[in-house]
Amino acid sequence: MSKVYICTAIPYVNGNPHIGHAMDYLLSDTYARYSRAKGEEVRFQVGTDEHGNKVFSTAQKNGISVEEYAKQNSDKFRTFIEELKISYTDFIRTTSPEHVRRCQEIWRQLSDHIYSAEYDGWYCEGCERFVTQKEYDENGGTCPDHQKPYEKLSEKNYYLRIGDFKERIREVIETDEMKILPEFRKQEMLRLLEDAPDISISRPKKQLSWGVPVPGDDDQVMYVWVDALSNYITVLGYPDQDISDFWPAAAQFVGKDILRFHTITWPAILLGLGLPLPKNVVSHGHVLSNGQKMSKSIGNVIDPIEVLGKHGLDAFRYFFLHHIDTFADSDFTWEKFENAYNNELANDLGNLVQRLATLCKKNQIPGQPAPTTLDSTYCELMDKFEFNKAFDFVWHKVQDLNKSIDEQKPWELAKNGETEKLQQVLSGLVEGLLDVAVLLAPFLPDTAEKIATIFTAPEITPPVTPLFPKN
RNA sequence: CGCGGGGUAGAGCAGCCUGGUAGCUCGUUUGGCUCAUAACCAAAAGGUCGUUGGUUCAAAUCCAACCCCCGCAACCA
């Protein structure tokens with residue numbers, strides 16, 4: 001049995017879980033379940049990124065300790081992940097003592113590639129932060145919130161020397177040793193890599209207090225990268241334990257917006273540690289709402305909990321895994337969601353289960369064992385992470401079964417007393433549906449389970465309430 | 001000239017790499033069936049494949065120019 005490690009980006013806990021996080025989880029979970037179906041041993045990481053100023057200041061505003069605030073928000077994500085029935089094996093918090101300690105050890109191991117330098121920029125005393133040149137220009141050199149001119153300020157930062165690894169990173173991307181999916185993102189990343197600057201990886205403590213202290217420098221705290229990215233290996237026990245059973249990851253799932261950090265910064269860290277790079281980095285698009293980016297100011301944000309509440313988990317998983325493109329941006333609307341539920345889940349699949357179970361019961365057709373093999377076309381698509389295409393393939397099988405029932409007219413066979421033919425036909429259909437259930441399992445685990453239960457039972461009985469009831 | 005993606009039936013997409021009867025899902029219309037959640041099945045209507053020009057016996061597909069949308073560039077997945 002081979003071992004497979006699957007990683008998801010860890011969300012920053014200064015907000016509530018939204019649709020985008022769900023995409024990370026659904027895609028990785030589908031891959032995890034598929035891998036298990038192939039007989040692989042899966043380790044599956046999820047977690048939360050909890051350091052940084054935003055978390056710190058929001059906690060202060062709310063009048064609670066930063067530890068407590070981080071925990072509360074981390075728990076929100078954990079609950080969300082549980083609600084989606086994500087089959088993770090490891091949950092990491094970047095504030096956990098083990099992670100903090102391991103992170104510091106990683107920093108030490110990277111020291112040959114770290115240097116300190118002065119960072120110059122425009123700073124607002126009121127905001128306690130630097131602004132970009134662009135922001136400076138737009139605001140005419142004065143902070144709009146504090147009505148005070150930005151001042152030129154210089155501070156010490158540690159930097160990670162990306163240049164040490166550029167050549168090698170280009171090589172692994174070009175050769176697909178670290179494969180970036182989809183292909184067009186790979187091109188984008190190669191382009192970005194060309195002029196990727198060294199990365200600032202620390203801040204003075206007076207500016208950023210809520211974070212991992214830089215080892216050997218009491219005045220500096222790690223800024224996001226080494227802290228957050230290293231979670232993928234600290235959760236496995238690195239550097240205390242040998243992680244070679246599971247590392248390199250078979251797949252890391254990330255949103256397109258943070259792909260660059262996973263194809264440049266993260267590989268640089270790994271190369272600095274002498275570790276192999278993830279085999280696949282899969283970048284998904286963003287979910288649009290009515291064709292537009294979701295944003296609070298437009299007011300078109302879709303709340304995943306609300307979608308979840310509408311028709312349950314599998315309807316949620318169905319829509320986002322089948323109708324949302326695995327790699328590109330695509331649109332969610334309530335109308336599309338309702339149509340998918342009614343036409344596809346209820347009419348195509350739910351009704352198929354109902355009619356076939358009824359036919360079997362009337363004609364006393366017994367259940368049969370579930371198949372164990374996976375269709376090869378399906379596997380090809382799944383192995384390429386083309387989940388929505390694989391789902392489409394499964395759905396055509398559902399439609400074919402409906403067709404097949406109409407063509408073979410088992411009710412006529414029953415009427416004419418052609419018992420033997422009837423049994424043969426219905427058994428064939430049951431076999432087909434069980435086949436579908438197996439392929440469906442990575443996407444809709446509960447539904448697949450229900451179908452299997454019905455059609456492997458000694459006596460097939462239609463469910464009392466249909467699988468996807470219509471209102 | 002910043003980088004990238006895209007413009008194919010009412011909607012969403014595939015086909016383009018490796019030119020040769022334009023395909024899928026939803027929607028619409030009509031017909032059929034009755035096992036089933038008024039579900040299912042079949043058939044039909046509907047496209048000058050963004051524009052212009054080029055290459056070719058032949059272009060959605062290759063080449064050139066142009067127009068239009070979108071994303072990133074800027075710590076919203």
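Values below: every heavy atom of this structure, side chains too, minus hydrogens, waters and symmetry copies. Convention: sequence-line order gives letters A, B, ...; per-chain numbering from 1.
Using atom P as the reference point in both B:A73 and B:U18, the two lie 34 Å apart (nearest Å). Distance check on atom P: B:G23 versus B:A65 gives 32 Å, rounded to whole Å. Using P as the reference atom, B:U37 and B:G47 are 39 Å apart when rounded to the nearest Å. For the C1' atoms, the distance from B:G32 to B:C70 is 45 Å, rounded to whole Å. When the C1' atom is used for both B:U48 and B:U30, the distance is 28 Å, rounded to whole Å. Rounded to a whole angstrom, the distance from the C1' atom of B:U8 to that of B:G15 is 9 Å. Taking atom P in both B:A22 and B:A45, the straight-line distance is 14 Å, to the nearest Å. Look at the P atom in both B:G12 and B:G71: the space between them is 16 Å, to the nearest Å.
Regarding contacts with the backbone of B:A39, a side-chain N or O of A:K470 is found under 4.0 angstrom from either OP1 or OP2.
Between B:A39, B:C75, B:U37, one nucleotide has an atom nearer to the side chain of A:Q354 than all others, and that is B:U37. Here the nucleotide nearest the side chain of A:F184, chosen from B:C35, B:A77, B:G4, is B:G4.
Side chain A:N351 to base B:A36: a donor-acceptor pair is found below 3.5 Å. Taking only distance into account, the side chain of A:Y223 meets the base of B:C75 through a donor-acceptor pair shorter than 3.5 Å.
Here B:C57 sits opposite B:G20 as a Watson-Crick or G-U wobble pair (both hydrogen-bonding atom distances under 3.5 Å). Nucleotide B:A44 has B:U28 as its partner under the Watson-Crick or G-U criteria, with both atom distances under 3.5 Å. Summarising the base pairing, B:G71 is matched to B:C3 through a Watson-Crick or G-U wobble pair whose two defining distances lie under 3.5 Å. As the counterpart of B:C66, B:G50 is assigned, both hydrogen-bonding distances of the Watson-Crick or G-U wobble pattern falling under 3.5 Å.
Of the residues near RNA chain B, A:L345 and A:I258, the one whose nearest nucleotide (by heavy atom distance) lies more toward the 5' end is A:L345. A residue-by-residue look at A:N402 and A:R191 shows that A:R191 has its nearest nucleotide of RNA chain B further toward the 5' end.
Residue A:R185 is classed as having no contact, given no heavy-atom separation below 4.0 Å to the nucleic acid. Contacts of A:H21 with the nucleic acid, taken as non-hydrogen atoms under 4.0 Å apart, involve only primed sugar atoms and P, OP1 or OP2. No contact: A:Y12 has no heavy atom under 4.0 Å from any strand. At a threshold of 4.0 angstrom between heavy atoms, the contacts of A:V287 include nucleobase atoms, whether or not backbone atoms are also involved. Residue A:G255 is in sugar-phosphate contact alone, with no base atom involved, counting any heavy-atom pair closer than 4.0 Å across all strands shown. Within the 4.0 angstrom heavy-atom criterion, base atoms lie near A:L467. The residue A:G285 sits close to a base: some heavy atom pair falls under 4.0 Å. Within 4.0 Å of A:P466, counting heavy atoms only, lies at least one base atom of the nucleic acid.
Under 4.0 Å is where a charged nitrogen must lie from a carboxylate oxygen, and between A:E188 and A:R191 no such pair does. The pair A:R170-A:E167 meets the salt-bridge criterion, with a side-chain N (NZ, NE, NH1 or NH2) lying under 4.0 Å from an Asp/Glu carboxylate O. Ion pairing between a basic and an acidic side chain is recognised when a charged N comes within 4.0 Å of a carboxylate O; A:K85 and A:D29 show no such pairing. The pair A:R355-A:D406 meets the salt-bridge criterion, since a charged nitrogen lies less than 4.0 angstrom from a carboxylate oxygen.
In this structure, A:D257 atom CG and B:G71 atom C1' are separated by 11 Å, rounded to whole Å. The distance from atom CH2 of A:W225 to atom P of B:C75 is 9 Å, rounded to the nearest whole Å. Between the CD1 atom of A:I454 and the P atom of B:A36 there is a distance of 15 Å, given to the nearest Å. If you take CZ of A:R355 and P of B:A36, they are 10 Å apart, rounded to a whole angstrom. The CG-C1' distance, from A:L429 to B:C41, rounds to 14 Å in whole Å. Separating the CE atom of A:M189 from the C1' atom of B:G4 is a distance of 10 Å, rounded to the nearest angstrom. As a whole-Å value, the separation of A:N73 CG from B:C76 C1' is 15 Å. In this entry the distance linking CG of A:L288 with C1' of B:C70 reads 9 Å, nearest Å.
Looking at A:N73 and A:E50, their side chains never bring a donor and an acceptor atom within 3.5 Å of each other. Side chains of A:E82 and A:Y88: a donor on one and an acceptor on the other come within 3.5 Å. Side-chain contact of A:Q220 with A:Y158: a donor-acceptor pair under 3.5 Å is absent, judged by distance alone. No side-chain donor-acceptor contact under 3.5 Å links A:Y223 and A:N53.
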Between the protein and nucleotides 6-12 of chain B, which nitrogen or oxygen pairs come in under 3.5 angstrom?
none

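Checking A:F468, A:Y341, A:W395, A:F443 one by one against A:Y318, the ring-ring contact (aromatic ring centres under 6.0 Å, His included) holds for a single residue, A:W395.
Surrounding CD of A:E118 are more than 12 heavy atoms belonging to other residues, nucleotides or ligands, all under 6.0 Å away. When the shell of 6.0 Å around NZ of A:K166 is examined, it contains more than 12 heavy atoms from other residues, nucleotides or ligands.
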Exercise for the section: For ring pair (Phe, Tyr, Trp, His ring centres under 6.0 Å), just list the numbers for A:F77 and A:H21, CA-CA rounded to whole Å, side-chain angles, deciding distance to a tenth of an Å, and then say yes or no. Expected result: CA-CA 9 Å; A:F77 278 88; A:H21 301 118; 5.0 Å; yes
Practice task
Would you give a per-nucleotide map of nucleotides 25-34 of chain B, 5' to 3', where B means the base has a protein non-hydrogen atom under 4.0 Å away, S means only the sugar-phosphate does, and - means neither?
Solution key: SSS----BSS
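A:F320 and A:H284 have their aromatic ring centers separated by at least 6.0 angstrom.
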